[in-house]
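Following: one structure in structure tokens, then a few remarks.
Order of appearance sets the numbers: ligands from 1, and atoms from 1 within every ligand.
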Amino acid sequence: MCAAIDPHQYPAELRSLAAKVRDGERLDEADAALCFTTPHLLHLGRLADHVRRERHGNIAYFNINRHINPTNLCVYTYNCKFCSFAALEGEAHAWKMSHEQVYEHAAAQGGNDITEFHIVAGLHAEMDLEWYEVMLRGLKERFPQVHLKAFTAIEIGFFAKLHKLTIEEVLIRLRDAGLGSLPGGGAEIFHEDVRKIICDGKLDADEWIEVHRTAHRLGINTNATMLYGHVEGVEHKVDHLMRLRALQDESGRFNTFIPLAYHPENNYMGLRYHTTGTEDLRHLATARLVLDNFPHIKAYWIMITPKLAQVALSFGANDVDGTVVEETIYHMAGANTEQQMTRGELERIIREAGFEPVERDTLYNPIERKPAGPTPASNPERSVAATT
Ligand code: V47
């Protein structure tokens, strides 16, 4: 059990917030705005840590996953100004995989322990619904034990328009071909004023929500994200979290929320700055406090560095994502983190941060493995030398 919250130990402006958290009362929009603006970050973090420990105790999750991006060719290359990943046909950094190449990527370095392929791509008319149905079936045939977390709401919306199908029809076809769940990408900032600036013409907020609502109705779990650190204001982020919370109240099938820190390089936004560490921690803590119906809050180590992900575990996060193996979206936008971590490294950063590492599958079921020998807490030379 965590020690009870005493609001009097908090600065005056956070006392009513602290009392609400102590009493398990839902935070409102004004509270959410306060979380985004208070200078008392450590106190905010303490409240988020309280909620996180009540829910998850000392456990922090990771998984053994691999990212696959079949193509970066994208019809929205000029629409999504923040995206450094997308390319046009003929550009030097463009790629398009064949089915065989997808299977080769899937097999490379993942090892037998892999439990999830995270698959997202640009929007390209030749890589249509049928192409992806074949890909999903091909992956399931070769890797039957691996969960396929694939396609952002943007891709689902694209397939629907391309084939003149409903969202439900697209999702049913993909589910029948092996789709397990949807990742949280494409949400960016829901508010129209911001969308107009950063991704005009892309799926709007209502459509993004409709894709996830439909998936949830079909029994498909999904994740959610919010892209921060660009042109958005506090009111836009509050609106974003409130819309996600409302859908989760309705369906309960969001697994995890991942705040995504904007990376400024190699895109059309014209902004220079990376987010700061305190900004990243604030977004994680705020998400934990405001999204009271989301079980998991992920500190994506690729995006905020493994060092900050360790600190984030004391600011509301209870998951650091996985081994990843090959990451392009953030590395093309200027991320200078590694592209992969081994099981041993993930366990070590979690343990060093004072938490108990637990391997999970995509749906957060703990995975039992045969012990691989002792994993000392602090000496990397002696930690488990895993292939994943
Ligand atoms: O939707 C694109 C973001 C997202 C940039 O569900 C950028 O488990 C920052 O959604 N700077 C895709 N962000 C990644 C994503 C994700 C990642 C990890 C785990 C999960 C999950 C989902 O990346 C896009 C967009 O919001 N993005 N470009 C950029 N320059």
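For ligand 1 and Ser84, the ligand atoms under 4.0 Å from any heavy atom of the residue are 30 (N). Those atoms of ligand 1 that come under 4.0 Å of a heavy atom in Asn223, given as number and element, are 6 (O), 8 (O), 21 (C). Using a 4.0 Å cut-off to heavy atoms of Ile258, the atoms of ligand 1 that qualify are 6 (O), 8 (O), 20 (C), 21 (C). The contact set between ligand 1 and Thr225, taken as ligand atoms under 4.0 Å from a residue heavy atom, comprises 10 (O). Short contacts between ligand 1 and Tyr262, defined as distances under 4.0 Å to a heavy atom of the residue, involve ligand atoms 9 (C), 11 (N), 30 (N).
A donor-acceptor contact under 3.5 angstrom links the side chains of Asn221 and Asn255, judged on distance only. When only modelled atom types and interatomic distance are considered, Gln145 and Thr115 share no side-chain donor-acceptor pair under 3.5 Å. No side-chain donor-acceptor contact under 3.5 Å links Ser314 and Asp49.
The side chain of Tyr330, and not its backbone, has at least one atom closer than 4.0 Å to an atom of ligand 1 (non-hydrogen atoms only; side chain from C-beta on). Residue contacts with ligand 1, taken as heavy atom pairs separated by less than 4.0 Å, involve Pro183 via backbone and side-chain atoms alike. With a 4.0 Å cut-off on non-hydrogen atoms, Glu188 touches ligand 1 through its side chain and not its backbone. The residue Pro264 has no part lying near ligand 1, judged by heavy-atom distances below 4.0 Å. With a heavy-atom cut-off of 4.0 Å, Tyr300 touches ligand 1 through its side chain alone.
Ion pairing between Glu356 and Arg351 fails under the 4.0 Å rule for side-chain N and carboxylate O. Electrostatic pairing of Arg66 and Glu116 does not count as a salt bridge here, judged by no charged N lying under 4.0 Å from a carboxylate O.
Put simply, part of Lys298 is less than 4.0 Å from ligand 1, judged by heavy atoms. Residue contact check for ligand 1: Ala261 places a non-hydrogen atom closer than 4.0 Å to it.
Among protein heavy atoms, the minimum distance from atom 15 (C) of ligand 1 is reached at Leu260 CD1, 4.0 Å.
In terms of modelled atom types and a separation under 3.5 Å, the side chain of Asp321 and the main chain of Tyr300 share no donor-acceptor contact.
Between the choices Met303, His118, Lys149, Glu327, the shortest heavy-atom distance to atom 8 (O) of ligand 1 belongs to Lys149.
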